[in-house]
Amino acid sequence: MDLSASLIPGPDYMGLTATIILWPLGTALFLLLFGKRLSTFKVGGREIPWAGVIAVLTLLRSFVAAVAMFVDIVGVELAEGAVGHGGANVENARTFTVHMFDWMQVGGFAVGADFLIDQLSVVLALVVTGVGTLIALYSIGYMHHDPRFHRYFAYLSLFASAMLMLIFGDNLLVTFVGWEGVGLCSYLLIGFWFERPAAATAAKKAFIVNRIGDFSFLLGMFLLVAAVGSLKIEDINAAASGGQISGGIATIAALLLFGGAVGKSAQIPLYVWLPDAMEGPTPASALIHAATMVTAGVYMVARMGPVFLASEGDLALTVVAWVGALTALWAALIACTEYDIKRVLAYSTVSQLGYMFLANGLGAFSGGIFHLITHAFFKALMFMGAGSVMHALANETDMRKMGGLRKVMPITGATFLLGWLAISGIVPFAGFWSKDAILAAAWEQGEYALWGIGLFTALLTAYYMSRLYLRVFEGPLKHDPDVHPHESPWTMWVPLAVLGGLSVVGGAINLPWDLRLEHFLTPVLGEFEVPHGATAWILAGVALCVAVSGIALARFLFLTQRGAELRARLVTGSWLDKLLTASRNKFKVDEVYEATIQRPGHRFAMFSAYKVDAKGIDGVVNGAGALVAWLSDGVRRLQSGYVRNYAALFLLGVVVLLSALILRVGPLG
Amino acid sequence: MSDLRFLDIAIFLPLAGALLIAFLPRSNANLARWAALIVTLATFAVSIGVLVDFEASLGGFQLGSEAVWIKDWGISYITGVDGISLWMVMLTTFLMPLGVLASWSIGERPKAYFALLLALETGMLGVFSSLDLFLFYLFWEVTLVPMYFLIGMWGYGRRIYAAMKFFLFTLVGSLLMLVAIMFMYFATEPNSFSLTDMLATELSSGTQRWLFLGFFASFAVKVPLVPFHTWLPDAHTEAPTAGSVMLAGVLLKMGAYGLLRFAIPLFPDAARYFVPLIIALATIGIVYGAVVAIVQKDLKRLIAYSSVAHLGFVVLGMFVGTVQGMSGGILQMVSHGLSTGALFMLVGMLYERRHTRQIADFGGLGKTIPIFSGIFLFVVLSSIGLPGLNGFVGEFLVLLGTFLNYRWWVVPAAFGVVLAAIYLLWAYQRVFQGPVTDEANARIADVNSREVAMLAPLLVLIVAIGVYPKPFLDRINPAACRVVIQLDPDADCSRIEGVVAPRAHEEDE
């Protein structure tokens with residue numbers, strides 16, 4: 001079967017990879033160095049800055065290259081008959097490795113700047129460059145007043161490059177470059193308005209919390225080098241599935257890698273940075289903190305699936321599934337009482353990422369990737385919708401000051417509605433299919449507790465998203481009379497419309513009776529069992545009922561008179577009130593971290609610096625020093641008049657030595 | 001190999017320059033400045049010749065010269081570089097012109113200042129090139145004097161105290177080393193200071209341990225390892241910018257270099273015996289230096305403590321007995337010289353503008369001097385080991401090398417990477433982010449062209465080493481391997497050219 005590769009001439013993968021990854025990098029550098037000097041041009045009476053146009057075109061170019069790659073891989077597969085219902089040919093994963101140059105080589109350890117092109121990386125590259133292009137276009141409208149406009153687009157391009165490096169990494173170290181690179185861009189974009197102390201603090205928090213995850217990732221890499229002798233993903237996975245790694249080592253390695261994913265993808269206990277990250281510009285949140293970067297952990301776990309599967313007694317996968325499910329529930333509980341529109345979406349993202357990890361933990365890796373893709377569509381859409389609202393309301397984010405905006409912002413309202421229905425799990429919108437696939441997988445494996453948590457979270461999701469949508473877009477207008485909301489310019493609503501469309505039809509890439517995505521990814525990610533026949537229909541029906549109930553509950557509470565009365569009558573001190581208060585306080589997790597880690601850490605540092613170092617070690621030194629000074633009287637004599645004599649003496653000494661050398665040895669040479 | 005001995009020329013050219021400057025007329029300060037710049041640039045150019053002539057595949061020492069100096073006493077002039085000292089020499093000659101540029105505005109006694117700076121360069125180059133221990137010790141002491149005066153005369157604040165502390169710490173260490181060298185000299189038959197001769201001398205392991213400690217005293221102070229480090233924050237903080245750059249960039253490396261050039265090869269049994277102690281001290285240094293750095297109020301002190309942490313990585317890598325650790329540690333020496341050198345230059349520029357280094361006096365500079373703050377952030381990222389920049393390669397290899405032999409030590413050491421992000425990003429936030437609170441910070445100027453010229457070469461190398469460390473590692477690996485097999489004869493030296501009788505493990509392949 002190897003013949004087929006030579007029968008069908010592949011395109012220039014090196015060139016395509018370089019285009020996809022390096023063009024955004026080049027654009028980032030160009031904009032950083034010269035962006036300030038770029039001018040603007042007018043289209044339809046609107047100033048459009050060149051910096052934005054360059055960034056959009058670069059990402060578009062990367063997208064086109066990714067499409068070319070995708071088409072080629074599909075073409076190869078069709079020719080091999082590898083695509084089809086249940087006809088996936090696991091033996092024939094189409095993988096190409098592009099070797100750019102040797103990176104590090106010491107002894108038997110070697111890594112190259114190598115990139116892996118296969119079904120999984122190409123699909124994700126399509127998502128990143130496609131959604132990225134739309135968000136960049138949107139940003140032109142959203143950011144056009146900002147004095148640091150060019151820098152924003154430089155960071156956005158740099159982000160795209162790093163994210164693509166992460167996805168295409170052929171070894172874990174190249175992936176790690178992208179991994180920390182996206183972390184850097186996240187830092188830069190969260191702190192984009194660094195004059196605001198809250199933004200600067202949030203940026204730093206994001207970086208440091210992610211570093212804690214990366215610390216775990218690093219240890220995982222060391223363990224894999226020790227166990228496998230390589231960081232090449234293919235080698236590691238082959239060793240794991242071939243049984244060359246013991247179950248115990250695989251468990252530890254998998255959990256260490258998962259530690260990295262927990263940081264990057266904002267899972268319990270490291271999710272606390274993501275809500276704060278909302279200090280950044282909203283389109284950056286859409287791209288980085290919803291659609292792409294935060295899903296890197298999901299991708300990495302799926303990519304390293306065989307290591308997780310090799311774990312002793314499925315321990316690693318069980319941990320992944322439970323962390324995912326509990327994070328999904330936990331974040332959804334907080335989202336239910338949050339009033340800041342962006343933070344609701346942030347907690348919602350944490351929750352949805354939990355679903356993806358639940359899928360991974362069930363071994364349903366392509367289910368996780370499916371939800372990753374649909375989530376990228378509808379969550380990016382809703383973030384940008386929220387941005388559109390903020391744009392119209394002079395940067396207001398408090399939902400209590402919003403209402404009835406559908407009337408003044410019809411496109412934003414309509415597209416947001418699509419996103420809302422998609423995430424709530426209403427058939428036939430995209431989110432329904434991907435969430436249903438995960439819940440169905442849990443059921444099929446007999447993980448009823450996980451299924452129950454997932455289902456309950458689905459109820460909460462439908463509820464809090466309806467609460468958001470109804471409060472903001474329905475009911476009477478509530479905003480400040482001084483602001484005059486308006487629909488956003490075309491650069492902003494066109495991306496909304498495209499993503500709105502994808503939120504409707506996106507599920508079609510993987511319908512239960514036509515699992516195209518799953519089959520396409522099977523060579524990389526393997527297969528998983530889903531229920532068939534009546535069970536499948538009943539499960540889907542239950543999920544749909546739950547979603548409708550959540551929406552109905554929110555509608556009752558926020559759009560009807562009786563609901564409002566009921567909310568007003570909520571007894572203080574009742575269990576529900578206590579729960580809601582705890583949720584409003586975000587369960588005080590930040591406070592707990594501050595009291596148990598931050599403050600004791602600071603005290604320890606103060607103690608080390610000003611007691612141990614200054615008083616302890618240096619105290620001994622100064623004591624000895626004082627003794628010496630007293631003995632030699634040297635300190636007092638070191639006044640400027642003497643120093644010259646010292647210098648002269650020193651030079652004289654050197655001259656003498658040098659002359660001795662020359663006399664003895666003869667001139668050099 | 002060409003006939004011109006670039007290495008020896010490079011060593012003595014700065015000294016000749018120092019003498020030249022001493023004879024220049026006192027009235028014209030500009031002349032001294034330009035002379036110093038030209039001499040250091042010329043030295044760098046000559047050292048490029050060394051780099052070009054260096055044969056990566058040869059292994060061992062090359063490009064030096066050998067001559068009997070004082071025959072009756074067994075003293076010779078022997079120089080040469082291997083893949084380790086090569087980069088130390090290059091680092092020195094590269095940083096020196098930048099140090100001269102950073103000192104452009106020195107107003108007080110510029111002649112003496114630049115002459116001392118050049119004398120310092122000869123001392124440092126000599127230390128890295130000497131293969132005779134008498135010669136080595138001579139150069140080692142030669143570096144002490146100019147640095148003492150640079151701190152004591154051109155420093156800030158408590159400069160006398162700092163200079164004295166630096167001098168005494170180093171001197172006490174040096175004297176112990178001198179005793180050990182003299183013992184070795186008499187133990188060598190016939191009496192000789194030549195490294196090669198000394199290497200051939202068999203010593204009992206008990207003797208080795210005492211002698212090792214003698215060398216260790218000197219090198220541990222220089223590196224510095226905790227708890228011998230307290231001279232460093234004072235010296236770094238009070239030294240003029242070029243002094244700090246040279247201290248952090250080169251002088252500290254003399255300690256680490258001494259360990260692997262002399263202490264390990266001369267006393268391998270003792271080195272192996274002390275490995276646990278040294279690994280512990282290095283790891284403590286990584287964590288302790290970082291923790292103490294977090295709460296520093298003075299930017300230079302903060303960077304000084306970050307050096308304690310970074311040099312902890314270097315020494316850790318050197319003693320874990322894997323070639324990854326050793327090569328990583330050596331590369332980390334170069335990387336640290338570049339990053340920390342750049343940080344000290346940047347802080348020096350801030351000081352020239354605001355006459356303060358207190359973190360609390362700044363705030364919101366990102367708005368007033370955006371280019372400067374962008375460059376600063378870039379260097380910060382290099383220092384905290386962002387992959388793709390120089391710091392990561394060395395740190396990763398050190399930690400990997402540590403893990404392969406000492407599973408558990410890597411946990412606190414790798415945590416140092418988290419701590420680095422904390423202290424540097426927090427400092428960055430307080431200096432460059434937030435609102436401008438002090439009117440004085442609103443009026444300062446962004447980088448000028450001289451400053452860009454100083455920083456640009458550093459920034460380029462920071463990226464180059466991060467993206468393509470191969471030219472560096474290819475030269476370091478063989479030399480690193482020769483040292484590391486002293487610590488662990490089974491170290492994985494496979495796929496490295498120029499190593500005699502590699503005893504590689506094949507199971508990793």
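Chain A is the first sequence line, chain B the second, and so forth, proteins listed ahead of strands; every chain is numbered from 1.
The greatest number of non-hydrogen atom pairs below 4.5 Å with chain B, out of A/Met606, A/Met165, A/Lys204, is found for A/Lys204. For the set B/Gly388, B/Ala293, B/Ala480, B/Gly366, the entry with the most heavy-atom pairs within less than 4.5 Å of chain A is B/Gly366. Among the candidates B/Val292, B/Val417, B/Leu400, B/Thr322, the residue making the largest number of heavy-atom pairs closer than 4.5 Å to chain A is B/Leu400. Between chain B and the residues A/Ser608, A/Ala203, A/Ala227, A/Ala198, the largest count of heavy-atom pairs under 4.5 Å involves A/Ser608. In terms of heavy-atom pairs under 4.5 angstrom with chain B, the leader among A/Arg196, A/Arg211, A/Arg148 is A/Arg211. Most heavy-atom pairs under 4.5 Å with chain A: of the set B/Val291, B/Thr230, B/Ile294, B/Leu377, this distinction falls to B/Thr230.
Contact of B/Phe169 with chain A is made through the side chain alone, with heavy-atom distances under 4.5 Å. For A/Phe101, the part lying near chain B is the side chain, with the backbone staying farther off; criterion is any non-hydrogen pair under 4.5 Å. For a residue to count as touching a neighbouring chain, one of its non-hydrogen atoms must lie under 4.5 Å from one of that chain's; by this rule B/Leu397 touches chain A with the side chain only. Looking at B/Asp234, only its side chain comes within 4.5 Å of chain A, counting heavy atoms on both sides. The contact between B/Ala414 and chain A is made by backbone and side chain atoms together, counting heavy-atom distances below 4.5 Å. Of the atoms belonging to B/Val467, heavy atoms from both backbone and side chain fall under 4.5 Å from chain A. With a 4.5 Å cut-off on non-hydrogen atoms, B/Trp426 touches chain A through its backbone and its side chain both. Of the two parts of A/Leu188, only the side chain, counted from C-beta on, holds a non-hydrogen atom closer than 4.5 Å to a non-hydrogen atom of chain B. Using a 4.5 Å cut-off between heavy atoms, A/Leu184 contacts chain B through its side chain alone, with no backbone atom that close. Contact of A/Leu33 with chain B is not made at all, since no heavy-atom distance falls under 4.5 Å. Using a 4.5 Å cut-off between heavy atoms, B/Ile75 makes no contact with chain A at all. Within the 4.5 angstrom heavy-atom criterion, atoms from both the backbone and the side chain of B/Leu425 approach chain A. Interface residue B/Gln324: backbone and side-chain heavy atoms are both found under 4.5 Å from chain A.
Taken from CD1 in A/Ile208 to CG in B/Leu419, the straight-line distance is 9.5 Å, to the nearest 0.5 Å. Rounding to the nearest 0.5 angstrom, the gap separating the CG atom in A/Leu219 from the CZ atom in B/Phe415 is 11.0 Å. We find the OG-CD distance between B/Ser327 and A/Gln105 to be 10.5 Å, quoted to the nearest 0.5 Å. In this structure, the separation between CZ on A/Phe207 and CG on B/Leu381 is 6.0 Å, given to the nearest 0.5 Å.
Within the structure, salt bridge (Lys or Arg N to Asp or Glu O under 4.0 Å) contacts touching residues 420-435 of chain B (residues at least two apart or in different chains) do not occur. Within the structure, the ring pair (Phe, Tyr, Trp, His ring centres under 6.0 Å) test picks out no pair touching residues 597-616 of chain A (sequence neighbours left out).
Judged purely by distance below 3.5 Å, without hydrogens or angles, the side chains of A/Asp613 and B/Tyr288 pair a donor atom with an acceptor atom.
Within the 4.5 Å cutoff, the side chain of B/Ile371 has no heavy atoms near those of the A/Lys36 side chain. Contact of the B/Val436 side chain with the A/Glu195 side chain is not registered, since no non-hydrogen atoms from C-beta on lie closer than 4.5 Å. Looking at heavy atoms from C-beta onward, B/Phe396 lies in side-chain contact with A/Leu218 at the 4.5 angstrom threshold. Within the 4.5 Å cutoff, side-chain heavy atoms of A/Glu180 are placed close to those of B/Pro387. With contacts defined as side-chain heavy-atom distances shorter than 4.5 Å, the pair A/Met221/B/Phe403 does not qualify. A 4.5 Å side-chain heavy-atom check between A/Phe176 and B/Phe392 finds at least one atom pair inside the cut-off. Taking the side chain as every heavy atom from C-beta outward, A/Ile617 and B/His229 approach each other to under 4.5 Å. Considering only heavy atoms from C-beta on, A/Phe222 stays 4.5 Å or farther from B/Leu404 through its side chain.
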Please report the C-alpha distance between A/Phe215 and B/Val411 in whole Å, then the side-chain angles of each, then the deciding distance to 0.1 Å, and finally whether the side-chain contact (heavy atoms from CB on, under 4.5 Å) criterion is met.
-> CA-CA 9 Å; A/Phe215 161 70; B/Val411 176; 4.0 Å; yes

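Taking the centre of each ring, B/Tyr428 and A/Tyr187 stay at or above the 6.0 Å mark.
Between B/Gln429 and A/Pro197 the shortest heavy-atom distance is NE2-O, 4.1 Å. Smallest separation of non-hydrogen atoms from B/Asp492 and A/Gly108: OD2-N, 2.8 Å. What you find for B/Tyr468 and A/Asp102 is that their closest heavy atoms are CE1-O, 3.4 Å.
For the pair A/Trp103 (side chain) and B/Pro469 (backbone), a donor-acceptor distance under 3.5 Å is absent.
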